[in-house]
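Positions are given from 1, in the same order as the sequence printed here. All values derive from a computational prediction rather than experimental measurement. Note that ligands are numbered from 1 as they come in the structure, with each ligand's atoms numbered from 1 the same way.
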Amino acid sequence: MQNSLPRLNLSTTHKQMGKKVAQQIAKLVTDKPDAVIGLATGSTPDPMYKELIRMHKENGLDFSRVRFFNLDEYVGLPYDRPQSYHYEMREKFFKHINAKPENIHIPDGMAEDLQAACADYEKAIRDAGGIDLQILGIGETGHIGFNEPGTPFDAITHISRLSEKTRADNARFFGGDKNKVPTQAITMGLKTITAAKQIILMANGEHKGNIVREAMTTTPNQEVPASILQQVADKVTFFLDRAAAKHFKPYQQLFSVR
Ligand code: F6R
């Protein structure tokens, strides 16, 4: 199995990083109008979504045939709640572009049969021909999607238990109350994610510096879920802002343009 360093693409600011990733997405959509794109929620991709919306409105970037698959959704959080990823994605991105509702896929955390919802999601990705480009953020626990430490590398879409650290980190979206953060989520698994043809992991801010370094340099192991990306490094690029790249010196020498 291959183990090497994913490519690095460094930006000065969070905003610049988001714009660069939006350009990668725009290029894919232009080359392949029915591309399958995996998306993430949270704060990290905010500037990316803003730039994609701008490109749609000002340059006519066409999403009408693009198929979207989000990484995850909380279990048991109704979709009319602003913290649900269905709500977040609609407000932050989908309602501003021309994506077709039938092309938007987000795991069904409100399903009566959650196991069946996981299996259906995995099948829908397969039926779409697999993910062309997966966008990822990274949690301070090293999670990608909601694959927390200890998740087997061969996991497919499944129900995950959120770590206490992740619930505390996400309390900022729930009025600061960690107890309001759901304890479970449906998430694409690590195997689902690493099957994507191209992967972009984004991280910004000093608080992500340590985990980004670990993900890139520790021997791949289940305690640092994002370290699995080293095993597929040839198709992975880490887009970092200056603060998240604080452990990578000298800064300029590592700057790689693709
Ligand atoms: C979100 C997701 C998570 C986040 C991660 C970082 O769909 O899968 O892995 O990407 O928790 O969150 P932020 O960007 O809020 O720091």
So, [X] and [Y]: side-chain donor and acceptor under 3.5 Å apart, yes or no?
X	Y	result
Asn221	Thr219	no
Glu122	Thr192	yes
Thr166	His143	yes

Filter on side-chain hydrogen bond (donor to acceptor under 3.5 Å, both in side chains), then keep only pairs touching residues 34-43, sequence neighbours left out; what's left?
Ser43-Arg172

Throw together a table of side-chain donor-acceptor distances under 3.5 angstrom for residues 205-216, partners on residues two or more places apart or in other chains.
from: Lys208; atom 1: NZ; to: Ile138; atom 2: O; distance (Å): 2.9
from: Asn210; atom 1: OD1; to: His247; atom 2: NE2; distance (Å): 2.7

Please list, by chain and number, the protein residues whose heavy atoms come under 4.0 Å of ligand 1.
Ala40, Thr41, Gly42, Ser43, Thr44, Leu71, Asp72, Gly137, Ile138, Gly139, His143, Gly145, Arg172, Lys208

List for me each residue that meets salt bridge (charged side-chain N to carboxylate O under 4.0 Å, His left out) alongside Asp108, sequence neighbours excluded, and say none if there are none.
none

